[in-house]
Amino acid sequence: MKSPLLTLPGAVPAEGVDEGVAAHYGDLFREQRALADGTGFVDLSHRGVVAVTGEDRLAWLHLLLTQHVSDLPAGRATEALILSANGHIEHALYLVDDGATVWAHVEPDTQEALIAYLESMKFFYRVEVADRTADIAVVHLPAGSIAPVPEGVVVRETPHGRDLFLPRADLEAYATQAGPPAGILAYEALRVEQYRPRLGFETDHRTIPHELGWIGSAVHLQKGCYRGQETVARVQNLGKPPRRLVFLHLDGSEVHLPVAGTELRLADDGPDGRKVGFITTSARHHELGPVALALVKRNVAVDAPLVAGDTAAAQEVVVEP
């Protein structure tokens with residue numbers, strides 16, 4: 001869905017998964033600094049929006065999600081996953097309940113598959129699931145923002161900022177009062193800095209929650225009754241995940257940023273060394289320079305210098321080996 005804010009001055013359309021919103025508005029680092037300072041907003045109106053209503057909504061979702069939501073207080077933000085039977089991550093939901101409806105935003109173009117799964121699991125529960133992407137747009141305000149929130153708009157507040165579920169018809173008008181716009185590239189750079197994984201970026205077909213540090217924030221270990229729970233419990237109690245998420249400082253002298261999928265090798269092994277991981281997201285940060293998130297094999301030493309293609313990379317631990 002193409003955002004009307006692509007008509008704002010300087011807007012350059014994003015590509016790939018984030019197509020439909022602006023990559024930037026002419027000055028990537030200025031936009032990052034504004035968000036870091038708590039000003040401006042990010043247009044996330046390309047993300048899917050799913051609403052669940054009905055008196056059984058929280059009890060029902062509690063059975064399907066990795067998060068404990070049966071007693072979720074109104075207004076409290078949380079995040080949750082849906083796993084396969086083998087414990088692999090299929091969906092990531094960013095949730096808030098407003099007292100009558102559970103609102104969730106999800107990755108672009110994943111809402112249809114998510115809704116199909118939820119509909120298949122309704123059984124006798126008194127719930128209704130709706131795709132609200134066409135009439136509700138997600139807008140992100142950074143932490144510390146004093147931008148106004150229109151009356152009646154559902155807000156999902158987290159340590160990283162506020163996600164507004166804004167009527168899509170009001171998006172252009174809201175942009176005029178929310179401060180300077182920042183593109184998705186600025187938002188992604190700060191996400192990388194904050195070690196926050198993203199479905200489809202840090203995940204592949206075999207990713208389990210432990211690899212990305214989603215235990216606790218999106219997976220509640222003291223609840224059961226969800227698909228894939230056996231894998232979560234087994235890895236938590238008896239073993240270690242095969243891979244782990246790391247944050248990388250990349251050599252700033254390189255002109256080109258290693259793209260997602262770039263293979264990682266131990267620097268000491270040279271260019272013909274075995275693959276030990278791969279870049280998942282890379283970004284140019286306004287203070288840190290070139291940075292990335294990556295998945296590496298669990299047994300890679302935490303202080304081992306790495307090479308991403310031809311670019312030197314130094315690790316910071318995100319998930320303990």
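- The ring-ring contact (aromatic ring centres under 6.0 Å, His included) search around H88 returns none, not counting sequence neighbours.
- Below 30°, between 30° and 60°, or above 60°: for Y195 and F247 the angle between ring planes is between 30° and 60°, a tilted geometry.
- A salt bridge does not link R265 to D272: none of the charged side-chain nitrogens sits closer than 4.0 Å to a carboxylate oxygen.
- When each of V50, L61, T53 is checked for a side chain to side chain contact (heavy atoms under 4.5 Å, CB included) with V129, only V50 meets the rule.
- Using a 4.0 Å cut-off between charged side-chain N and carboxylate O, E263 and R274 make no salt bridge.
- The side-chain tip of R132 does not point at the ring of F165 from less than 6.0 angstrom away and within 45° of straight on.
- Between E128 and K122 there is a salt bridge, since at least one side-chain N of the basic residue sits less than 4.0 Å from a carboxylate O of the acidic one.
- The number of heavy atoms from other shown groups lying within 6.0 Å of CD (E19) does not exceed 12.
- Judged as a side chain to side chain contact (heavy atoms under 4.5 Å, CB included), and not counting sequence neighbours, the contacts of A137 are S45, R168, L171.
- Salt bridge status for R198 with E107: present, with a side-chain N to carboxylate O gap under 4.0 Å.
- Under a 4.0 Å N-O distance rule, the pair R244/E211 does not qualify as a salt bridge.
- Under a 4.0 Å N-O distance rule, the pair R243/D204 qualifies as a salt bridge.
- Judged by distance alone, the side chain of H210 and the main-chain N or O of V232 form a donor-acceptor pair under 3.5 Å.
- Not one N or O on the side chain of T207 forms a donor-acceptor pair closer than 3.5 Å with the backbone of I89.
- A distance-only check finds no donor-acceptor pair linking the side chain of K240 to the backbone of E320 [under 3.5 Å].
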